[in-house]
Amino acid sequence: MPSVRDEYRFDELTWPEVNEAVKLGKIPIIPTGSVEQHGHHLPLKVDHLCANAVATAAARLRPEISLVLPPVSYGYVHHVMDFPGSINIHFEHFIQFVLDICKSLAYHGFKKMVIVNGHGSNGPLVDLAARRLVVETDAHCVFCNWWQLLQVDPEFSSRWRESVFPGGCAHAGELETSMLLHLAPESVRADKIKSEIAKTNKRESRFTYTDLFGSGAVGDVQWTSQFSDSGVMGEAEKATAEKGKLCLEEASRNLSDYIAEYHAREIEPRVRHQGSEPTFPLSFPTD
C-alpha cells in the first residue's frame, strides 16, 4: 500500500490514516454529478464520470496535498424527467447531502475542501453548499464546474473546439461526447451520434442562449424536452477521443495547480463590526 502522503484516494485510507492526512494538510476533493439522459449516443453516467475523472486525475498529480472522495453520483435533474433513466434528487436534499459530506470532513479536521461539479443544474446548489459550510463551520470550501477549468487559458479553446458558439458545446455535445470517447469509448453508441442545436440557441437571441462556456444575460429555464427532441444540445458529431484526452489533461492540470495555490493560501479570519456584542445568535446552526 502507498504511504498516506502518496495515497490520493480518500476511501483507501484507514481511520488512523485519516488523522495523518489531516496533519499533512491534505485537501479533500468532492466530485458531484448526476444520472441523467445524454441523448441516444451517451450513457446516463456522463456527468459523474467526467467530474470524477478530472478530480481523480488532479489528485493523482498532487497526492501529497490532495484526496479525492467517491463521487456524489446523483443530482438535481427535475427538468430532465421527460427522458427515461434520469434520476432526480430534490434540490434541498442535494444541498444538504453535499453539505453533510463537507461538514463530516470538517469535523474530522479537514479545513479546506474543493467541490468539482459535473452537472450544470447542480451549479447553484454546490455554490450554496460551499457557502453554508463557510458560515456554519470553521472550515472553508471552494467549488467549480469541471469545464470551467478549460477557460483558465483563454487560448485553449482554439486548440480543440470546432463547434459553433453558442450551442455547440452544451449537453451531450462536442465536449462531453469527446470526454466519453476518451474515458469510456465502449459506452458510446458511435452509430447513434447525432448533433442537435437546442431551440433556445436557434432563436439567435442576444439575451437567451446557452453553452458550457457562456450564456445570455437572461436565464430561460424550461423542461429539457421543450428545447431538445433527442436530449442532445450541441454538435456531438464534431467530437473526437483526442479532444477528450486534451481536455481531461488541461482540466486536471489546472485543478491540481489551483489546489497547490489553495493549499498555500491563508484563510483570513472573520471580523465582526458591530459596536456591541450581538445579543442573540444568527438564525442558522453553527455547529
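Nothing fancy with the numbering, it's 1 onward along the sequence.
- Under the 4.5 Å side-chain criterion, counting only non-hydrogen atoms from C-beta, Gln148 is in contact with Gln151.
- Looking only at distances, a side-chain donor or acceptor of Ser195 sits under 3.5 Å from a matching main-chain atom of Ala236.
- Contact between Pro31 and Asn52 at its shortest, heavy atoms only, is CG-OD1, 3.7 Å.
- Taking all atoms of both residues into account, the shortest heavy-atom contact from Gly234 to Val232 is O-CG1, 3.6 Å.
- Glu17 places no side-chain N or O within 3.5 Å of a backbone atom of Leu13 that could act as its donor or acceptor partner.
- At a threshold of 4.5 Å between side-chain heavy atoms, the hydrophobic network of Ile, Leu, Val, Met, Phe, Trp and Tyr places Ile29 and Met113 in two separate groups.
- With respect to Arg132 and Asp127, no salt bridge is recorded, no charged nitrogen being found less than 4.0 Å from a carboxylate O.
- In this structure, His90 and His93 have tilted ring planes: the angle between them lies in the 30° to 60° band.
- Nearest heavy atom pair, residue Val22 against residue Gly109, reads CG1-O, 3.5 Å.
- Other residues, nucleotides and ligands place no more than 12 heavy atoms under 6.0 Å from the CZ atom of Phe97.
- A donor-acceptor distance shorter than 3.5 angstrom exists from the side chain of Thr177 to the backbone of Ala172, with no hydrogens or angles considered.
- For Asp100, there are no salt bridge (Lys or Arg N to Asp or Glu O under 4.0 Å) partners at least two apart in sequence or on another chain.
- Here the closest heavy-atom approach between residue Trp147 and residue Asn117 is recorded as CZ3-O, 4.2 Å.
- The line from NE2 of His263 to CD1 of Ile259 is 10.5 Å long, rounded to the nearest 0.5 Å.
- At most 12 heavy atoms of other shown residues, nucleotides or ligands fall within 6.0 angstrom of atom NZ in Lys194.
- Using a 4.0 Å cut-off between a side-chain N of Lys or Arg and a carboxylate O of Asp or Glu, Asp138 and Arg270 do not qualify as a salt bridge.
- In this structure, CG on Asp211 lies 7.0 Å from CG on Asn201, to the nearest 0.5 angstrom.
- Atoms CD and CD, on Glu237 and Glu196 in that order, are 11.0 Å from each other to the nearest 0.5 Å.
- To the nearest 0.5 Å, the span separating NZ on Lys111 from OG1 on Thr137 amounts to 6.5 Å.
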_Intermediate values then yes/no, side-chain hydrogen bond (donor to acceptor under 3.5 Å, both in side chains), Ser225 and Asp82_ = CA-CA 6 Å; Ser225 62; Asp82 288 335; 2.5 Å; yes

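- Ser157 and Arg159 form no side-chain donor-acceptor contact under 3.5 Å, judged by distance and modelled atom types alone.
- With contacts defined as side-chain heavy-atom distances shorter than 4.5 Å, the pair Val80/Trp223 does not qualify.
- Hydrophobic clustering (ILVMFWY, side-chain heavy atoms < 4.5 Å, transitive): Ile115 and Leu255 are in distinct clusters.
- One side chain, Ser121 or His79, offers a donor N or O that lies under 3.5 Å from an acceptor on the other.
- The CD1 atom of Ile27 lies 10.5 Å from the NE2 atom of His140; values are rounded to the nearest 0.5 Å.
- Phe110 does not carry Lys26 over the face of its six-membered ring by the limits of under 6.0 Å from the centre and within 45° of the normal.
- Under the 4.5 Å side-chain heavy-atom criterion for Ile, Leu, Val, Met, Phe, Trp and Tyr, Val98 and Phe91 are members of the same hydrophobic cluster.
- Put simply, the residue from Leu212, Thr210, Thr224 that forms a side chain to side chain contact (heavy atoms under 4.5 Å, CB included) with Met233 is Thr224.
- Inter-residue side-chain proximity for Val116 and Thr32 is flagged as unmet; no heavy-atom pair is nearer than 4.5 Å.
- In the hydrophobic cluster analysis, where Ile, Leu, Val, Met, Phe, Trp and Tyr join through side-chain heavy atoms closer than 4.5 angstrom, Leu105 is grouped together with Val126.
- Salt bridge Glu7/Arg9: present, at least one basic N to carboxylate O contact under 4.0 Å.
- The closest donor-acceptor contact from the side chain of His41 to the backbone of Gly39 lies at 3.5 Å or more, if one exists at all.
- Listed by chain and residue number, nothing satisfies the ring pair (Phe, Tyr, Trp, His ring centres under 6.0 Å) test with Tyr74 (two or more places apart in sequence, or in another chain).
- Listed by first and then second residue, the salt bridge (charged side-chain N to carboxylate O under 4.0 Å, His left out) pairs involving residues 243-252 are Glu162-Lys243, Glu174-Lys243, Lys245-Glu249, Glu250-Arg253 (not counting sequence neighbours).
- By the 6.0 Å contact criterion, CZ on Arg131 is open, its count of non-hydrogen atoms from other residues, nucleotides or ligands being 12 or less.
- Using the six-membered ring where Trp is involved, Phe165 and Tyr209 have ring planes that are perpendicular, over 60° apart on the 30 and 60° scheme.
- In this structure the side chain of Phe10 never reaches within 4.5 angstrom of the side chain of Val68, judged on heavy atoms.
- Between Arg161 and Phe213, some side-chain heavy-atom pair lies under the 4.5 Å cut-off.
- Comment: Arg5 does not engage Glu20 in a salt bridge, judged by the lack of any side-chain N to carboxylate O separation of less than 4.0 angstrom.
- Asp47 and Ser34 share a side-chain donor-acceptor pair at under 3.5 Å.
- Across all non-hydrogen atoms, the minimal contact from Ile197 to Gly167 is CD1-O, 3.8 Å.
- No side-chain heavy atom of Tyr258 sits less than 4.5 Å from a side-chain heavy atom of Val152.
- Aromatic ring centroids of His108 and Trp15 lie 6.0 Å or more apart.
- Between Ile267 and Lys112, some side-chain heavy-atom pair lies under the 4.5 Å cut-off.
- Remark: the backbone N or O of Gly231 is paired with a side-chain donor or acceptor of Gln37 at under 3.5 angstrom.
- Residues Leu69 and Asp11 are not in side-chain contact: their nearest non-hydrogen atoms beyond the backbone lie 4.5 Å or more apart.
- One finds the CG atom of Leu61 at 8.5 Å from the CG atom of Asp257 (value rounded to the nearest 0.5 Å).
- In summary, of the residues considered (Pro71, Ser187, Cys50), a side chain to side chain contact (heavy atoms under 4.5 Å, CB included) with Lys45 occurs for Ser187 alone.
- Of the possible polar contacts, one joining the Asn88 side chain to the Val77 backbone as a donor-acceptor pair under 3.5 Å is found.
- Leu44 is not connected to Leu180 by any chain of hydrophobic side-chain contacts under 4.5 Å among Ile, Leu, Val, Met, Phe, Trp and Tyr, and they are in different clusters.
- The heavy-atom pair separating Ala58 from Ser252 by the smallest distance is CB-O, 3.5 Å.
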